[in-house]
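Shown next, in structure tokens, is the structure this report addresses.
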There are 2 protein chains.
Amino acid sequence: MNFIQLEYFKKTAECGNITMAAKKMFVSQPAVSKQLKLLEEELECKLFARRGNRLALTLEGELFLKHAKEIVSKVKNIKDEINFSRKKVSGKLAIGCGAVSAKLLLPNIVDKMIKEYPDVEVSIFEAETNEMRELLESDVIDISFSAEDLRGGSEKKIEFKEIFSSELVLVCSEKCALARMRKVSFEEIKKYPLITYTPDTGVYRVLVKALLENARIILQSRYSETMLVYIEKNLGVGIIPEYIARLKSLNGIVVRKLDTDIKIHMGINHDVSKPLSPAARIFIELLSAEYGK
Amino acid sequence: MNFIQLEYFKKTAECGNITMAAKKMFVSQPAVSKQLKLLEEELECKLFARRGNRLALTLEGELFLKHAKEIVSKVKNIKDEINFSRKKVSGKLAIGCGAVSAKLLLPNIVDKMIKEYPDVEVSIFEAETNEMRELLESDVIDISFSAEDLRGGSEKKIEFKEIFSSELVLVCSEKCALARMRKVSFEEIKKYPLITYTPDTGVYRVLVKALLENARIILQSRYSETMLVYIEKNLGVGIIPEYIARLKSLNGIVVRKLDTDIKIHMGINHDVSKPLSPAARIFIELLSAEYGK
DNA sequence: AGAAATTACGTTTCGCGTAAGCATG
DNA sequence: CATGCTTACGCGAAACGTAATTTCT
């Protein structure tokens, strides 16, 4: 049994003969005839009483028609209902994120979102990783896309769902001596002036213990792009997430792996005490589909 | 979209991964994977959020699943419901018919009927054509299968629906002179002793005006078989419906066409003031399928 | 390395259309 | 003989299975 048979049967029952039904459905008449026959064989009962040229529904046929109508109409409506459900997804959706995400990662996601779900008012709120917790708790934002907040407070109100992770890599001028190495260690790096993020960022928090002690820091910035200007001029070496290095076109700058694999975990933070809105779920799905592994 | 895709989708959603769903449905895993992909393309939206190896329903997927479940279960139930409806057809069905029908035409129909609809109590009531009207009106029988009642009374309470018609033919011994002719006329026939039905039969009524006046009647019987005994011994010639002649094996008896085509119309009579019961409708359908043209 | 999903490709199944065959009126 | 249903047969699309490829744990 399949949809075609149900549609052929329904139309034939309505028309009273196969020929007219076939014409209305733009198929040949034997095609309809055969499908009806197969249907009757499968159901093991006659649906039409062939009375000469005329067709009349049998008792079983009438019963079957009732169900066939319901199914056919249900199927016809599924597409519409799904598209309609999109239109019904509305409300506001405020998303917190870092500077790089705001500039490079989220624009195309937001674009998709407002095109597919035009009734959702999306707003992006640029902030640092350690600000997110407060913004979430004070309901300024619904979700944040940022590095994992590792403070691991006793209060587990904020939940983190990873979208992807990225290794930290060294970036330095091609003129720098480190550019000649394939992997570099923290000891080597500490010999050079360091360019890094401000203490309120997620990357800083990961690096602080292992690297930053006793290092000579020449620049602390919130913005990778600002850091790269200094690096390009070989004023120092920096450590940034690999995914950011890949997103930027780096002129005269090289990327080198670290000998320890420190990763930064990017994902969604949200307040578990409040359920995720449909809009938020959809946004996460889109984000995950684009950048998730 | 088709049933296969709905079933694959439903099972996959229930299992949480494609491999297990495919195993449970005894198909290969790529088959399921491809159908799901086609389904998503047709609906123009993702149904599953591919999160690494793991599958999770999207918002649209959840909505779609709800409808898919309904449809799949409806389809699964159709067969059962139709068969169940048969069981539900019950009650008594009394059928009036002539002697030939009772002996030769109805047994296999009744057999089918009580096998497919075991809760219907079928009873056959043998009677003559002109008795039927009274039996119907007094509710002794629900329907009658007999020759058309041509009295055409002013009261149109009894409706006739033809199942088939049959020409009247001459039957005579192969020794009879008429056996040498291909078609015979009433004038020829009247030269021989006539064997015919009793006046209370449908055939008699058709013949009476044209043939029976001034004829020498040697036997009037209710039963074709009795008539045939006389004919076999060449004691006379008879006129019976062609379908009866075809049903019997006739030893030493030949069948010849008449030069005028007088037909007897066999069908269902029923009282229009009472609706046909489901059981009656089914019986008529079976009868019509077997003998209707 | 192992498990799960997708892609690629050859095979089989299924539905369709044309043409021919029957039946009805 | 005209209309309508069924059967026969060849063609093209669709679904399937095996095997190779990719991706994540």
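Below, chains carry the letters A, B, ... as their sequence lines are ordered, and counting in each starts from 1.
Residue L38(B) is in sugar-phosphate contact alone, with no base atom involved, counting any heavy-atom pair closer than 4.0 Å across all strands shown. Residue contacts shown for Y8(A) are limited to sugar-phosphate atoms, with no base heavy atom under 4.0 Å away. Nucleic acid contact class of Q29(A) (heavy atoms, under 4.0 Å, all strands): base.
For E40(A) and dC5(D), the CD to P distance is 13 Å, given to the nearest whole Å.
When distances are taken from the side chain of Q35(A) to each of dC5(D), dG15(C), dC16(D), the shortest belongs to dG15(C). Each of dC5(D), dC16(D), dT18(D) was ranked by its minimum atom distance to the side chain of N17(A); first place goes to dC5(D). Of the candidate nucleotides dT7(D), dA19(D), dC5(D), dA19(D) has the atom lying nearest to any side-chain atom of P30(B). Distance from the side chain of S28(A) is smallest for dC16(C) among the nucleotides dT18(D), dC16(C), dA19(C). Side-chain proximity of N2(B) to dA4(C), dC5(D), dA15(D): nearest is dA15(D). Listed candidates were dC16(D), dC16(C), dC5(D). Nearest to the side chain of K34(B) is dC16(D).
Nearest heavy-atom pair, L39(B) versus Q5(B), reported as atom, atom and distance to 0.1 Å: CD1-OE1, 3.6 Å.
Axis deviation across the helix from dA1(C)-dT25(D) to dG25(C)-dC1(D) amounts to 30°, comparing end segments of five pairs, rounded to 10 degrees.
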